[in-house]
Chemist: 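Have a look at this one before I ask anything.
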Amino acid sequence: MSKTLEPEVRQLTTTEGFLCGAVAACIAVTASNPAEVVKTRLQLQGELAKGGGKKVYNSAIDAFVKTWKNEGLRGVQRGLTPAYLYQFLLNGSRLGFYEPFRRNINLIIGRSASEQIATTSVAAGAASGVVGACLGSPLFLVKARMQAYSPALPVGAQHYYRSSWDALATIWRTERLRGMLRGMDAAALRTGMGSSVQLPSYNWTKALIVRNGWGKADSTLTFLASSSVSGACVCLAMQPADTALTRMYNQPTEKLANGKVVGLLYKNPIDCLWKTLKTEGALGWYKGTTAHFLRIAPHTIITLTANDIIINAYKSFW
């Protein structure tokens, strides 16, 4: 008896996957950016102050309300333009390079390219995330500084820029390449930790739902459930590194006699985590966790759900 062969699913090229992932991430960041502004400010308040210092914002909701009241829509959406550009590079890389990396790592170790292996999935997720973080690091630097700036209730170092272009030009003029690359090691650490669990947890949850008959593979509800689990995993994995990243990017700098511009507070992300632990305790690492989850959960849900929908729509037309 002849066996009916199932049609092979067409794999997207790396460029196609990059563009689909980038569009999905830009859709998501429009909704998640206000929570990112809140998270950034909560992570910076009481920086290196014994016991966490005096609170300007009492909670994520309080920070949102005060920002909206004092700065309006512009305040809660500060840094949106560099956020779009950053997400294009980060998630375009994270979602676009993940499958090529995973399939090639599988082949290198002598396994089938299509086989889902936990270790190679985590390695591919981390590698694709680090690539995206390094490409987008200057834009995240600008975004973090613009989001931290508040004319009404400032916390942390304040950097005022008229626009994203003004920010990039100012940083290049005053700090050159070293300034543009400031915090890249923290960005790689944060994003590698988050990316190592984002797609593996999403794919594992999605496969579990389909295998147990709880939903169909192309169901929006399946996308949403899988994305929710993935968002929680990402938040837990990267919170301390995320706090270090925000502080590394936003710290004040000074120019030494030899012309070198250095950060006044931290040498690297490990130094930042250690100093935060010594002065603020372990809870200092987790400042802004609620806001982080309120950002990462909808952002992950929208990004991964939109990515699946965009890919399916793309394949149906081309």
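Note that the coordinates shown come from a computational prediction; the quantities given were computed from them, not determined experimentally.
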Chemist: Hey, any chance Leu245 and Leu89 share a hydrophobic cluster, counting ILVMFWY side chains that come within less than 4.5 Å of each other, even indirectly?
Modeler: yes

Chemist: Transitively linked via ILVMFWY side-chain contacts under 4.5 Å: Met184 with Met248?
Modeler: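 The answer is no; the residues belong to distinct hydrophobic clusters.
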
Chemist: Going from CH2 on Trp274 to OG1 on Thr279, what distance comes out if it is rounded to the nearest 0.5 angstrom?
Modeler: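 These two atoms lie 10.5 Å from each other.
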
Chemist: What I'd like to find out is whether the side chain of Val234 reaches to under 4.5 Å of the side chain of Phe293, using heavy atoms alone.
Modeler: no

Chemist: Tell me if a side-chain donor or acceptor on Trp68 pairs with a main-chain N or O of Leu73 at a distance below 3.5 Å.
Modeler: no

Chemist: Would Leu80 and Met146 show up in the same hydrophobic cluster when neighbours are defined by side-chain heavy atoms closer than 4.5 Å?
Modeler: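 Different clusters: Leu80 never reaches Met146 through Ile, Leu, Val, Met, Phe, Trp or Tyr contacts under 4.5 Å.
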
Chemist: Could you label the plane-to-plane angle of the Phe97 and Phe18 rings as parallel, tilted or perpendicular, counting under 30° as parallel and over 60° as perpendicular?
Modeler: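 Rings of Phe97 and Phe18: tilted, as their planes differ by 30° to 60°.
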
Chemist: Do Tyr84 and Leu168 land in one hydrophobic cluster if side-chain heavy atoms of ILVMFWY residues count as linked below 4.5 Å?
Modeler: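 Each belongs to a different hydrophobic cluster.
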
Chemist: Quick one: does Asn258's side chain have a donor or acceptor within less than 3.5 Å of a partner on Lys260's backbone?
Modeler: yes

Chemist: Name each donor-acceptor pair under 3.5 Å that joins a side chain in residues 57-66 to protein atoms two or more places apart or in another chain, with its distance.
Modeler:
residue, atom, partner, partner atom, Å
Tyr57, OH, Leu153, O, 2.9
Ser59, OG, Asp62, N, 3.1
Asp62, OD2, Asn58, N, 2.9
Asp62, OD2, Lys66, NZ, 3.1
Lys66, NZ, Val56, O, 2.8

Chemist: Donor-acceptor pair, Thr120 side chain versus Gln116 backbone, under 3.5 Å?
Modeler: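 Judged by distance alone, no pair lies under 3.5 Å.
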
Chemist: How close do Leu90 and Ala133 get, heavy atom to heavy atom, and via which atoms?
Modeler: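 Scanning both residues, the minimum pair turns out to be CD1-N, 3.7 Å.
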
Chemist: Quick one: which residue pairs count as a ring pair (Phe, Tyr, Trp, His ring centres under 6.0 Å) with a foot in residues 231-266, not counting sequence neighbours?
Modeler: Phe140-Tyr249

Chemist: Within the distance-only criterion (no hydrogens, no angle test), does the side chain of Ser226 pair as donor or acceptor with the backbone N or O of Thr222 below 3.5 angstrom?
Modeler: yes

Chemist: Could you grab the distance from atom OG of Ser150 to atom CD of Gln158, nearest 0.5 Å is fine?
Modeler: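 Ser150 atom OG to Gln158 atom CD measures 6.5 Å (nearest 0.5 Å).
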
Chemist: Check step by step if side chain to side chain donor-acceptor pair (under 3.5 Å) holds for Asp242 and Gln43.
Modeler: CA-CA 9 Å; Asp242 188 75; Gln43 288 175 331; 2.8 Å; yes

Chemist: Evaluate Gln87 against His299 for side chain to side chain donor-acceptor pair (under 3.5 Å), listing each step before the verdict.
Modeler: CA-CA 11 Å; Gln87 289 298 328; His299 185 88; 3.2 Å; yes

Chemist: Would Val122 and Leu236 show up in the same hydrophobic cluster when neighbours are defined by side-chain heavy atoms closer than 4.5 Å?
Modeler: no

Chemist: What's the verdict on side chain to side chain donor-acceptor pair (under 3.5 Å) for Asn33 and Gln147, showing C-alpha distance, side-chain angles and the deciding distance?
Modeler: CA-CA 9 Å; Asn33 193 62; Gln147 289 173 336; 2.9 Å; yes

Chemist: Could you walk me through whether Trp165 and Val142 pass side chain to side chain contact (heavy atoms under 4.5 Å, CB included), step by step?
Modeler: CA-CA 9 Å; Trp165 176 251; Val142 170; over 6 Å; no

Chemist: Is there a side-chain contact between Gln45 and Leu42 (heavy atoms, below 4.5 Å)?
Modeler: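 SC-SC contact between Gln45 and Leu42 confirmed.
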
Chemist: For Ile302, what are the other residues in its hydrophobic cluster, where any two members join if their side-chain heavy atoms are less than 4.5 angstrom apart?
Modeler: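 Val23, Ile27, Ile310, listed by chain and number.
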
Chemist: Does any part of the side chain of Thr174, heavy atoms only, come nearer than 4.5 Å to the side chain of Val261, both counted from C-beta?
Modeler: no

Chemist: Between Asp166 and Arg162 (salt bridge meaning N to carboxylate O under 4.0 Å), is one present in this structure?
Modeler: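 Counted as a salt bridge, because a side-chain N and a carboxylate O are separated by less than 4.0 Å.
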
Chemist: Considering only heavy atoms from C-beta outward, does the side chain of Arg102 approach that of Asn104 to under 4.5 Å?
Modeler: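 Of all side-chain heavy-atom pairs linking Asn104 with Arg102, none is under 4.5 Å.
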
Chemist: Without swapping roles, check the side chain of Asn307 against the backbone of Ala24 for a donor-acceptor pair under 3.5 Å.
Modeler: no

Chemist: Side chains of Thr243 and Gln239: donor-acceptor distance under 3.5 Å anywhere?
Modeler: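 Result is yes, a qualifying pair exists.
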
Chemist: Run the side chain to side chain contact (heavy atoms under 4.5 Å, CB included) test on Tyr161 and Ile171 for me, step by step, so that the C-alpha distance in whole Å, both residues' side-chain angles and the decisive distance to 0.1 Å come before the verdict.
Modeler: CA-CA 10 Å; Tyr161 304 113; Ile171 294 168; 3.9 Å; yes

Chemist: Between Thr13 and Thr15, is any side-chain donor less than 3.5 angstrom from a side-chain acceptor?
Modeler: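 There is no such pair between these side chains.
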
Chemist: Would you please say whether a donor-acceptor pair under 3.5 Å links the side chains of Thr276 and Arg247?
Modeler: yes

Chemist: Side chains of Asn268 and Asp185, heavy atoms from C-beta outward: is any pair under 4.5 Å?
Modeler: yes

Chemist: Taking all non-hydrogen atoms of both residues, which atom of Val38 and which atom of Ala291 are closest, and how far apart?
Modeler: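 In this case the closest contact between Val38 and Ala291 is CG1-CB, 3.8 Å.
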
Chemist: State whether a side-chain donor-acceptor pair under 3.5 Å links Tyr202 with Asp308.
Modeler: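 A donor-acceptor contact under 3.5 Å links the two side chains.
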
Chemist: Spell out, as yes or no, whether a donor-acceptor pair under 3.5 Å connects the side chain of Glu99 to the backbone of Gly96.
Modeler: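 Such a contact is absent between Glu99 side chain and Gly96 backbone.
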
Chemist: Where is the tightest heavy-atom contact between Ser93 and Leu135, given as atom of each residue plus distance?
Modeler: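 Nearest heavy atoms, Ser93 then Leu135: OG-CD1, 3.7 Å.
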
Chemist: Minimum heavy-atom separation for Asn250 to Ala144, with atom names?
Modeler: OD1-O, 4.3 Å

Chemist: Answer yes or no: is there a side-chain heavy-atom contact under 4.5 Å between Leu264 and Thr253?
Modeler: no

Chemist: State the CD-SG distance between Glu47 and Cys272, to the nearest 0.5 angstrom.
Modeler: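 Output value for this atom pair is 7.0 Å.
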
Chemist: Looking only at heavy atoms, which two atoms of Ala241 and Met193 are closest? And how far apart?
Modeler: CB-SD, 3.9 Å

Chemist: Do Lys206 side-chain atoms and Phe223 backbone N/O form a donor-acceptor pair below 3.5 Å?
Modeler: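 A pair under 3.5 Å: no.
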
Chemist: What are the two closest heavy atoms between Lys39 and Thr246, and how far apart are they?
Modeler: NZ-OG1, 3.9 Å

Chemist: Should Glu71 and Arg41 count as an ion pair when the cut-off is N to O under 4.0 Å?
Modeler: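 Answer for the salt bridge query: yes.
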
Chemist: Any sub-3.5 Å donor-acceptor pair from Ser137's side-chain atoms to Cys134's backbone N or O?
Modeler: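 Answer holds: no.
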
Chemist: Just so I know, are the side chains of Trp204 and Ile209 near enough to count as touching, which here means a heavy-atom distance under 4.5 Å?
Modeler: no

Chemist: Does Lys50 pair with Glu280 as a salt bridge, N-O distance under 4.0 Å?
Modeler: no

Chemist: Say whether, by atom type as modelled, one donor and one acceptor occur between the side chain of Gln77 and the main chain of Thr30 under 3.5 angstrom.
Modeler: yes

Chemist: Rounded to the nearest 0.5 Å, how far apart are CZ of Phe101 and OG of Ser121?
Modeler: 14.0 Å

Chemist: Between Val262 and Glu254, is the side chain to side chain contact (heavy atoms under 4.5 Å, CB included) condition met? List the steps.
Modeler: CA-CA 6 Å; Val262 298; Glu254 71 171 350; 4.1 Å; yes

Chemist: Enter the distance from Thr67:OG1 to Arg74:CZ here, rounded to the nearest 0.5 Å.
Modeler: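 Taking OG1 in Thr67 and CZ in Arg74, the distance rounds to 14.0 Å.
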
Chemist: Just verifying a value: how many Å separate Ser114 OG and Asn106 CG, rounded to the nearest 0.5 Å?
Modeler: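 Atom-to-atom, Ser114:OG and Asn106:CG are 8.0 Å apart.
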
Chemist: Is the closest basic N to carboxylate O distance between Glu175 and Arg178 below 4.0 Å?
Modeler: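 Result for this pair is no, no salt bridge flagged.
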
Chemist: Please evaluate residues Met180 and Trp172 with respect to the criterion side chain to side chain contact (heavy atoms under 4.5 Å, CB included), reporting the C-alpha separation (whole Å), side-chain torsions for both, the decisive distance (0.1 Å), and the verdict.
Modeler: CA-CA 7 Å; Met180 300 294 282; Trp172 176 259; 3.7 Å; yes

